[in-house]
Each structure stands twice: as C-alpha cells, then as structure tokens.
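Step one of this worksheet: look at the structure below.
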Amino acid sequence: MRILLSPDAAGAGEIAAAVVAASVADLASPVLGVATGSSPQPLYRALTARVAAGLDLSRAAAFALDEYVGLPVDHPESYHSVIAREVTGPLGLDPARVHVPEGAAADPAEAAARYEAAIAGAGGVDLQILGIGANGHIGFNEPGSAPDSRTRVVELAPRTVADNSRFFDGDAGLVPTHALTQGIGTILDAREIVLIAWGESKAEAVARAVEGPQTADLPASFLQRHDRVTLVLDAAAASRLSPASLPAEAAR
Ligand code: GLP
C-alpha cells in the first residue's frame with residue numbers, strides 16, 4: 001500500500017483530493033465510489049475547491065458505500081441526505097448519476113442485488129474513496145466480514161452504533177441497527193482505492209490494516225490484496241505504524 005502523510009487532517013484532504021484529481025484526469029465519465037462519515041470531509045472540502053477552480057466532475061457517476069436500513073431517505077442522517085449535502089452538491093455531480101443503496105426498500109436483500117448490478121452496469125468503480133472505522137470496518141463491513149462479501153444487509157457492531165450516535169443527538173438508541181453495505185469483494189473490485197484517516201482514534205486500526213495479518217477481525221486488512229491502494233494519513237492516524245511502513249522522508 002502506498003502511504004502519503006500530512007501533519008493534519010486538512011492537509012490529508014488536500015493530498016487525497018490530488019489523488020482523486022489525478023485518477024479521474026483521463027476519464028471522460030469517471031465512476032467514483034464515495035464514502036460518508038467524518039473521514040472524507042477534508043477530502044471533499046479540498047475537492048470542492050478544485051471544482052471551483054475548474055475541475056469538472058459533472059459527467060462523473062458515483063456509488064455510495066452504504067446506507068442505514070430502515071431510515072427514511074429524507075432523514076437528515078440517511079446517507080442519501082448526507083451524500084446529497086456533502087458530495088453531490090459541493091462537487092457538482094449530476095444527481096441522476098449518484099447512487100446510494102436503497103436501505104429503505106421493502107426488500108433490502110433484493111435492493112442489494114440491484115445495487116451490485118448497477119455498479120456492474122456502470123462499468124465498475126474507477127476510484128473508491130474510503131474512510132475507516134475505529135474497529136477497522138470499511139463501508140459497514142464490520143469485523144467478521146469475508147473478503148469475498150458482496151453488497152448485503154449487515155448488523156452494526158456495538159462500537160459503530162456508539163461511534164455514530166454523535167450524528168443522532170448522542171442517543172445510541174436512535175442509531176439504526178442494520179445497514180446495506182457494499183461488500184469487501186465489491187470494494188476490492190474498484191480499479192483504485194484511496195483511504196483517508198486522521199486522528200488518534202484511527203491509529204490502531206490503520207496500523208493493523210497495513211501491518212497486521214489479513215483477517216476478518218480487521219476488515220480493512222483485506223485492502224492488502226489490492227495493488228492500487230493509497231492511504232492518506234495525518235500524523236496522529238499514522239502514529240502507530242512502524243517506521244518501515246512510512247514513506248522514506250517521514251521515517252528519517
Ligand atoms: C461509518 C461509515 C464508514 C466510515 C466509518 C468511519 O460508520 N459507514 O463508511 O468510513 O464509519 O466513520 P468516520 O469517518 O466518521 O470516523
């Protein structure tokens with residue numbers, strides 16, 4: 001895995017935005033995989049500045065990683081709402097080309113199969129943007145997720161429910177218990193992956209993802225199987241990596 005470092009989260013966002021811009025530069029209609037959560041926010045901010053400066057993403061398609069099950073689409077914390085607010089609008093994407101799993105569908109399992117078909121129909125994801133959970137989840141692929149898992153309904157880990165309660169007035173009881181998420185196998189099908197992580201709370205998950213064994217206990221460790229993964233980290237998120245994992249100039 002390629003690792004790029006910045007002293008702080010804003011700088012990590014700038015670096016990740018440069019990775020995204022380079023990745024889509026030669027593509028007429030790039031297909032992006034987009035993540036929610038706080039991790040990618042500095043990236044979206046930096047990318048928004050690039051769009052204001054002339055980067056045109058209006059022909060890009062986007063597929064969100066995941067969505068809560070059972071939350072109305074128009075709930076402010078549904079990922080439909082979050083993606084519209086934080087990604088589609090600011091980046092100037094065409095809403096008709098932005099897809100989010102249908103967690104509110106009457107039959108979420110059927111919606112999962114439809115989502116896989118939609119990604120395949122778009123020609124697959126060119127660049128997948130990822131955050132990482134403190135327990136090493138990617139998307140909502142919690143510990144126990146298989147490397148060949150596909151889009152499916154999952155139960156959220158207690159740690160994730162607690163972490164995400166900050167988006168629900170601090171009340172864990174309001175956080176949905178299940179979600180529809182792209183699988184690890186779905187994510188690994190992307191042609192390129194950029195993961196952004198910042199803050200001390202992600203340091204252990206990052207170190208295990210990079211240096212630990214590939215294990216379902218730490219789903220992000222399966223990213224080691226992909227040959228085009230860039231991790232963009234701030235100093236705190238990189239703080240538990242061994243010097244051997246760091247870029248040469250940082251390890252000195
Ligand atoms: C969330 C999302 C993930 C995200 C992760 C980390 O629950 N489903 O896609 O990467 O957990 O969240 P955050 O970036 O807010 O720390």
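For the numbers below, each heavy atom of this structure counts, side chains included, while hydrogens, waters and symmetry mates do not. Remember, it's 1-based here, ligands and their atoms both numbered in the order they're listed.
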Would you indicate whether the side-chain heavy atoms of Thr186 and Glu116 approach each other to under 4.5 Å?
yes

Beyond-backbone contact of Leu130 with Val194, side-chain heavy atoms, under 4.5 angstrom:
no

Give the other cluster members for Val69, using side-chain heavy-atom distances under 4.5 Å between Ile, Leu, Val, Met, Phe, Trp and Tyr residues; answer none if it is isolated.
Val153, Leu180

Considering non-hydrogen atoms only, spot the tightest contact between Leu93 and Ala60 and give its length.
CD2-CB, 4.1 Å

Under the side-chain hydrogen bond (donor to acceptor under 3.5 Å, both in side chains) definition, can you give me all pairs with a residue in residues 40-49, not counting sequence neighbours?
Gln41-Glu86

Give a table of atom pairs where an N or O of ligand 1 lies under 3.5 Å from a protein N or O.
{"unit_1": "ligand 1", "atom_1": "7 (O)", "unit_2": "Asn164", "atom_2": "ND2", "d": "2.9"}
{"unit_1": "ligand 1", "atom_1": "8 (N)", "unit_2": "Asp66", "atom_2": "OD2", "d": "2.8"}
{"unit_1": "ligand 1", "atom_1": "8 (N)", "unit_2": "Gly139", "atom_2": "O", "d": "3.3"}
{"unit_1": "ligand 1", "atom_1": "11 (O)", "unit_2": "His137", "atom_2": "NE2", "d": "2.7"}
{"unit_1": "ligand 1", "atom_1": "14 (O)", "unit_2": "Ser38", "atom_2": "N", "d": "3.2"}
{"unit_1": "ligand 1", "atom_1": "14 (O)", "unit_2": "Ser39", "atom_2": "N", "d": "2.8"}
{"unit_1": "ligand 1", "atom_1": "14 (O)", "unit_2": "Ser39", "atom_2": "OG", "d": "2.5"}
{"unit_1": "ligand 1", "atom_1": "15 (O)", "unit_2": "Ser38", "atom_2": "N", "d": "2.8"}
{"unit_1": "ligand 1", "atom_1": "15 (O)", "unit_2": "Ser38", "atom_2": "OG", "d": "2.7"}
{"unit_1": "ligand 1", "atom_1": "15 (O)", "unit_2": "Arg166", "atom_2": "NH2", "d": "2.7"}
{"unit_1": "ligand 1", "atom_1": "16 (O)", "unit_2": "Lys202", "atom_2": "NZ", "d": "2.6"}

Taking only residues two or more places apart in sequence or in another chain, which ones pass ring-ring contact (aromatic ring centres under 6.0 Å, His included) with Phe168?
Tyr68, His75

